[in-house]
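Have a look at the structure below before the remarks.
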Amino acid sequence: YDQVNNWLYLNWIGYQNLDNIKQGLGEVWDLFRRFRFSKVLNDNRELVGPWNKANDWLQAELDPVSSPIRIKYVAHVISPGIFGQLSIQDLQSRLINKVEIKLFEDINRAKDWLKNK
């Protein structure tokens with residue numbers, strides 16, 4: 001958790017499956033209860049492969065209508081591989097008008113965007 005910017009930084013490394021993602025988001029929820037942030041810097045530069053099998057679950061978990069957490073902005077640094085990129089594009093389309101997810105290739109641009117939200 002970055003207290004100066006009031007956002008959570010997530011760095012996903014390697015291959016991620018539904019169980020890994022559920023475990024990671026469980027920790028995010030714990031941090032949210034503690035810090036009440038609304039912004040996430042999601043870094044997928046070290047991610048390998050797809051994670052779209054988690055998108056049904058993520059869609060339900062991140063929907064502000066049904067979720068106890070209120071993530072409003074996600075600056076997402078895309079993975080170098082096409083499968084990770086397709087996974088975030090799918091999730092982004094599912095959460096349109098619910099969570100603002102902006103995709104970046106450069107982490108500094110992602111940080112700049114998030115700072116202005």
- Task: Let me see the working for Ile78 and His76 under side chain to side chain contact (heavy atoms under 4.5 Å, CB included), right down to the final yes or no.
- Result: CA-CA 6 Å; Ile78 61 173; His76 183 94; 4.0 Å; yes
- Would you sort out whether Asp63 and Arg94 count as a salt bridge (Lys or Arg N to Asp or Glu O under 4.0 Å), showing the intermediate values? CA-CA 9 Å; Asp63 188 323; Arg94 293 170 181 237; over 6 Å; no
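Closest approach of Pro80 to Gln85, counting heavy atoms only: O-NE2, 3.4 Å. Shown here for Trp51 and Gln16, the closest heavy-atom pair between the two residues is CB-O, 4.0 Å. Contact between Pro50 and Ser87 at its shortest, heavy atoms only, is CA-OG, 3.6 Å.
Taking the side chain to side chain donor-acceptor pair (under 3.5 Å) definition, one finds that Asn52 meets it with nothing, sequence neighbours left out.
Asn11 has its side chain within reach of Asp43: a pair of non-hydrogen atoms, C-beta onward, lies under 4.5 Å apart. Under the 4.5 Å side-chain criterion, counting only non-hydrogen atoms from C-beta, Val99 is not in contact with Lys72.
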Side-chain atoms of residues 17-33: list all donor-acceptor pairs with protein atoms under 3.5 Å, sequence neighbours left out, distances to 0.1 Å.
unit_1, atom_1, unit_2, atom_2, d
Asn17, OD1, Asp19, N, 3.0
Asn17, OD1, Asn20, N, 2.8
Asn17, ND2, Asn20, OD1, 3.1
Asn20, OD1, Asn17, N, 3.1
Trp29, NE1, Glu61, OE1, 2.9
Asp30, OD1, Arg33, NH1, 2.9
Arg33, NH1, Trp29, O, 3.3

Please tabulate, for side-chain N and O atoms in residues 100-117, each donor-acceptor pair with protein atoms closer than 3.5 Å (sequence neighbours left out).
unit_1, atom_1, unit_2, atom_2, d
Asp106, OD2, Asn108, N, 3.0
Asp106, OD2, Arg109, N, 2.9
Asn116, ND2, Asp112, O, 3.0

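A continuous path of Ile, Leu, Val, Met, Phe, Trp and Tyr side chains, each step under 4.5 Å between heavy atoms, connects Leu8 with Ile88, placing both in one hydrophobic cluster. Transitive grouping of hydrophobic side chains (ILVMFWY, heavy atoms separated by less than 4.5 Å) brings Phe37 and Trp12 into a common cluster. Put simply, Ile71 and Tyr9 are part of two different groups of oily side chains (I, L, V, M, F, W, Y) that touch within less than 4.5 Å, one to the next.
Under a cut-off of 6.0 angstrom, the local environment of CZ in Phe83 is sparse, with at most 12 non-hydrogen atoms contributed by other residues, nucleotides or ligands.
Of the residues listed (Leu62, Leu91, Leu41, Asn42), the one engaging Val74 in a side chain to side chain contact (heavy atoms under 4.5 Å, CB included) is Asn42, and it is the only one.
Side chain of Asn44 to backbone of Leu47: no donor-acceptor contact under 3.5 angstrom is found.
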